[in-house]
There are 2 protein chains.
Amino acid sequence: MFLPHARPFAARAPRPERSSFRTLVPMFAAIATIAIAVPMSRAESEDRPNIVVIFCDDLGYGDFSCYGHPTIRTPNVDRMAAEGLRFTQFYSAAPVCTPSRAALLTGRLPIRNGLVGGKRRVLFHDSKRGLPADEITIAEVLQGAGYATACVGKWHLGHLPPYLPGAHGFDTYFGIPYSNDMDRTAAAPEGRAAFLDPKIAYWNVPLMRQDSIIERPADQTTITRRYTEEAVAFIRKNASKPFFLYLAHSMPHVPLFRSPEFENRSPRGLFGDVVEEVDWSVGAVLDALRAEGLSEKTLVLLTSDNGPWTTFGVNGGSAGLLRGGKGSTWEGGMREPAVAWWPGRIPAGRVTAELACTTDLFATVHGLLKIPLPDDRPLDSHDITPVLTGAGPSPRRDVFYYRDSTLMAVRRGPWKMHLITQAGYGQPEPVEHAPPLLFHLEHDPGESHNVAERHPEVIDELRARIAEHRAGWTPPPSLLDD
Amino acid sequence: MFLPHARPFAARAPRPERSSFRTLVPMFAAIATIAIAVPMSRAESEDRPNIVVIFCDDLGYGDFSCYGHPTIRTPNVDRMAAEGLRFTQFYSAAPVCTPSRAALLTGRLPIRNGLVGGKRRVLFHDSKRGLPADEITIAEVLQGAGYATACVGKWHLGHLPPYLPGAHGFDTYFGIPYSNDMDRTAAAPEGRAAFLDPKIAYWNVPLMRQDSIIERPADQTTITRRYTEEAVAFIRKNASKPFFLYLAHSMPHVPLFRSPEFENRSPRGLFGDVVEEVDWSVGAVLDALRAEGLSEKTLVLLTSDNGPWTTFGVNGGSAGLLRGGKGSTWEGGMREPAVAWWPGRIPAGRVTAELACTTDLFATVHGLLKIPLPDDRPLDSHDITPVLTGAGPSPRRDVFYYRDSTLMAVRRGPWKMHLITQAGYGQPEPVEHAPPLLFHLEHDPGESHNVAERHPEVIDELRARIAEHRAGWTPPPSLLDD
């Protein structure tokens, strides 16, 4: 067992903004510091798989070929699924970007820490705040466990120095600090026109390395390729030690850009070109792992931050058979394509309808490394190793659907109850439902047939589950409005 | 080359209703009769693959796992796709049953021969007519070429003796002659209730062997299993000679039934149980081919007759990301899941967006057997062998979307123009569009973004294509109303 008592983040040099939490665990810090200096045995090394997360931006449930898209060709993702495990009921923790990313890295619903929308739904280029210092990220955990850690791609958890990846457990960072459609220049036309005929000069998005801006505006036409090169170089450099790679593509979020090699290549048009370049990138990462002999030592998880931005027409993706898209708490807003790959540990070619969520990566990584979970805070994370290996069912039974700080819906087992519904991102008024809407998601994944009247007992059970979820804690105010 | 001049059906004993056509080809008949008596060389045998068509009933584009359904588990179909070719732009020739089946077997749009709806959209248990005797079916072609031919399952091209499978080229027949929801008994409740709590006694559907009724009402709970057993027995019996098996499941058409082994097995509920039994059946057929050493000698095509009957709620299927369902000429009504399998000839694991249609099986079979196509009638059939083998693009450029005898829409390349739209089966008034609606189906498979205003030249091209399609022939009256 690897360092059962250590809070691995404590092995890092303290940073001022984190001191209040760090002072609680000086003893653990000392143990961890000593332990990681000792070379590891082979068995220990096998217990410490590399972790690679490939996170897409606004890619919908239906946008990969293996999820049924008819004209987007994704042979690399399809191969990854054929060699691994494809999830069909896997969720992001929020229907928009910033809270979804915070949740992935911390294993906590963003309502726990204020990384949810208030007046603003996500962080912007003029935001003052970001992911709080006392949040524990997977990167910190793994960095503390001796892993090399890299963030490549879109961050969107605070672009000012106290919030950048280096402050949250990443040794290195290369990417854009917020969404690729933020910080418009005077050259940009008003409104949607900028998205429909996008030019780099319309945006002033910076490309950063560590805490420095190295290019502004970022040349987004080559950004997927450059992220990929960075990721592959990191894998090669760290082939002999455990690593954590968080590759957060800024595509296929509008404005859409792709390399010249992918121009006019996809039958699906521009959006398809962009997804096909992301697919190429997935292939390049897996090929690098194969070439370095790391396939059987590496867990790779591919998923997306939220549903497709359908309001952008053909420049937005598809949620497949699911209802709604980005910004909404209909399934299309939060159910994601997700493929897990780890030859030798994850049996090849399976499809699973077991419940899972991006927040589960946190507990799963702890479980794989046999590191105890922090016990000083509520978590929303389950170790889904049994689902990955096929050993058993998912420990997750619930999904909570928040839109900003409002709990809109809850899922328990196959049942989903909507208290409030609202169409996608940037669309008008919410509708409260009394009685709530009830859908059996496994019979009716498209949320077409409200069966509330026939199942009052399920409504009661779900209401009780919400009461339990809400008991004993008060959500902090939104950090996104400053 | 096998019998280049023969009209293979002519090798059969004449039947009175066909005499007017048969008298035209006495010389061919004589040649064919002699030729099939001569034992074939090995090379000839390799040119004569077995043909197996597995045709589902009301299964939607999104109802197999490999087409993106989250909770219907179809490992056998998924394996078939992994070993073969999965189509993403494959069409039935009509959005309802009778015309779709006529088209599959004859290679002709049903508007050519009157097998399209007038007042009635399909044949019923009290219909007097059926597929005309002078139509040439694939079964006749293959029977004439020395194949053993079997129809197992739902026929729905006329239940009276002149129209049954035996009159159209099938040596043997075992199945139900029309839809499984026809001929209600007095025991059945009114309207939809019979479908939602189905009992065998609600229907008086006969099960037939050859021209005789052997069971009435057919026990539909075991019907998928019994069809499968019949199909497997046919394969085993004919392992040493070429055969054509047309396995037309009567599921998952409402009322839904499945064997006790499949009860309450699928997370998708009753509909899922039924599709999972069909999936089992697909596996059993492919296993029988493998066991007999016929994998590399057999082309298997799996598809569906029309889109899902979505008006039946969770008892109907899903068109995935496509719009509409059964009965409509939106994509969901006519685009079908389709998997082709022929180890050694069809490379494994490909997905294709090439255009194809059920009517193409007719020309493809002729091409594979090097039999010239009939030249005395218009065909709507293209030899898609290049798509199957990966040798080249599809020769098909168009799809014509008929609802009954009305041309509602046309597709050419990626463009689809709707002249008239109407929601699914049994729903109210058609809506004429002037100007027409135009969708780029490869960019916008969900038909959400009408781009007619931006592409008047495409509208013109499609109108010209319709004029060309209509020139020189007059559709006969509907045969479905008598």
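So that the names make sense, note that chain A is the first sequence line, chain B the second, and so on, each numbered from 1. As a basis for the values below, the full set of heavy atoms in this structure was taken, side chains included, without hydrogen atoms, waters or symmetry mates.
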> In Å and rounded to the nearest 0.5 Å, what is the CG to NE2 distance from B:Leu270 to A:His443?
Replying inline: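 It comes to 9.0 Å.
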>> As an exercise, state the distance from OG1 of B:Thr310 to NE2 of A:His449, rounded to the nearest 0.5 Å.
In response: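 Here the rounded value is 8.0 Å.
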So for [X], is it side chain, backbone, both, or neither that comes closer than 4.5 Å to the heavy atoms of chain A?
{"X": "B:Arg73", "result": "neither"}
{"X": "B:Val314", "result": "both"}
{"X": "B:Phe271", "result": "neither"}
{"X": "B:Tyr61", "result": "side chain"}
{"X": "B:Pro267", "result": "both"}
{"X": "B:Arg86", "result": "side chain"}

> Looking only at heavy atoms, which two atoms of A:Thr71 and B:Gln89 are closest? And how far apart?
Replying inline: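 Looks like CG2-NE2, 3.9 Å.
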>> Would you say that more than 12 heavy atoms from the other residues, nucleotides or ligands in this model lie under 6.0 Å from the CD of B:Glu457, or not?
In response: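 Counting neighbours around CD of B:Glu457, more than 12 heavy atoms of other residues, nucleotides or ligands fall under 6.0 Å, so yes.
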> For chain A, which of B:Gly313, B:Gly272, B:Gly62, B:Ser318 has the most heavy-atom pairs under 4.5 Å?
Replying inline: B:Gly313
> Looking at A:Pro75, A:Ser65, A:Ala82, A:Gly446, which has the largest count of heavy-atom pairs under 4.5 Å with chain B?
Replying inline: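 Max contact count across the listed options: A:Ser65.
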> Considering only heavy atoms from C-beta outward, does the side chain of B:Pro70 approach that of A:Leu321 to under 4.5 Å?
Replying inline: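 Yes, at least one pair of side-chain atoms sits under 4.5 Å.
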